[in-house]
Each structure stands twice: as structure tokens, then as C-alpha cells.
Visitor: 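Here you go, one structure.
Being a predicted model, the structure only gives us computed values, none of them experimental. Any value given below was found using the heavy atoms of this structure, including those in side chains, with hydrogens, waters and symmetry copies removed.
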Amino acid sequence: MPDQRMEHSVQSSTLADILERVLDKGIVIAGDINISLVGVELLNIKVRLLVASVDKAMEMGINWWETDPYLSTRAHQLEEENRLLRERLERLEARLEAAT
């Protein structure tokens with residue numbers, strides 16, 4: 001008797017395949033929660049979630065982690081440089097004010 005097997009037209013995907021596709025393309029989940037009482041808005045919560053690979057996020061212009069002081073050593077350097085520049089500006093403004 002010949003071997004009879006059913007072939008499915010639906011391709012099964014593993015979790016890794018699905019995750020790879022999501023990270024490659026990116027996925028956005030958005031939602032708003034509004035709580036009102038007698039026409040007065042008491043609470044408004046906006047939820048925005050983006051799931052994508054770092055490469056895809058950078059391609060979309062999202063790179064906040066590069067300047068977050070808790071995630072980047074370069075951000076600490078920029079923060080210190082910014083502090084020094086502000087102090088210098090304050091000294092220059094004080095001199096200018098004293099001269100007039």
C-alpha cells in the first residue's frame with residue numbers, strides 16, 4: 001500500500017522565526033486609556049510600544065539609548081561637557097553684566 005500523507009498548505013513557524021520577522025519589520029502597539037467622571041477627564045494614559053531590532057529602530061531615526069546616561073558612557077561625557085559649558089556661559093554673562 002503506498003504511503004499516503006497529508007500535506008498542509010499552511011507553513012508552521014517557530015517562535016524564533018516569528019521573532020526574527022517582527023524584529024526585522026518592527027511592530028507598533030498603540031492604545032489610549034481615558035477615565036472620565038461626569039464629563040471631567042480624570043486620567044489619560046497613552047501607551048506606545050515599538051518592538052524592533054536596533055538596526056531597524058536606527059533606520060527609523062530612533063536612537064534614544066545613545067544619549068541616555070544610564071545606558072551609554074558617551075552620554076555621561078556629554079552631560080559633563082554640557083555642565084562645564086553652562087558654568088562657563090554663566091561666568092561670561094556675569095563678567096559682561098559687571099562690565100556694563
Visitor: Would Ile29 end up clustered with Ile33 when hydrophobic side chains under 4.5 Å apart are linked, directly or stepwise?
Guide: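 No, Ile29 does not connect to Ile33 through the hydrophobic network.
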
Visitor: Strictly distance-based, threshold 3.5 Å: is any side-chain N or O of Ser36 a donor or acceptor partner for the main-chain N or O of Gly39?
Guide: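 Here the side-chain-to-backbone pair does not exist.
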
Visitor: Would a hydrophobic clustering, with Ile, Leu, Val, Met, Phe, Trp and Tyr connected at side-chain separations under 4.5 Å, put Ile35 with Ile45?
Guide: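 Looking at the clustering, Ile45 is in the same group as Ile35.
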
Visitor: Per the salt bridge (Lys or Arg N to Asp or Glu O under 4.0 Å) rule, what does the pair list look like for residues 23-48, sequence neighbours excluded?
Guide: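 Every pair satisfying salt bridge (Lys or Arg N to Asp or Glu O under 4.0 Å) with a residue in residues 23-48: Asp32-Arg48.
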
Visitor: Should Met60 and Trp64 be counted in the same cluster of Ile, Leu, Val, Met, Phe, Trp and Tyr side chains packed under 4.5 Å apart?
Guide: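 In one cluster: yes.
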
Visitor: Val40: which other cluster members, linking ILVMFWY side chains closer than 4.5 Å, directly or transitively?
Guide: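 In the cluster with Val40 are Leu37, Val38, Leu42.
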
Visitor: Please list all pairs meeting salt bridge (Lys or Arg N to Asp or Glu O under 4.0 Å) that have one or both residues in residues 79-89, counting only residues at least two apart or in different chains.
Guide: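 For residues 79-89: Glu80-Arg83, Arg83-Glu87.
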
Visitor: Side-chain polar contacts of residues 49-56 - donor-acceptor pairs under 3.5 angstrom, sequence neighbours left out - could you list them?
Guide:
unit_1: Ser53; atom_1: OG; unit_2: Leu23; atom_2: O; d: 3.3
unit_1: Ser53; atom_1: OG; unit_2: Lys56; atom_2: N; d: 3.1
unit_1: Lys56; atom_1: NZ; unit_2: Glu59; atom_2: OE2; d: 3.3

Visitor: With ILVMFWY side chains joined below 4.5 Å, transitively, what does Leu96's cluster contain besides itself?
Guide: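 Direct or chained contacts put Leu96 with none.
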
Visitor: Among residues two or more places apart or on two chains, list those pairs meeting side chain to side chain donor-acceptor pair (under 3.5 Å) that have a residue in residues 91-100.
Guide: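 Sorted pair list comes back empty.
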
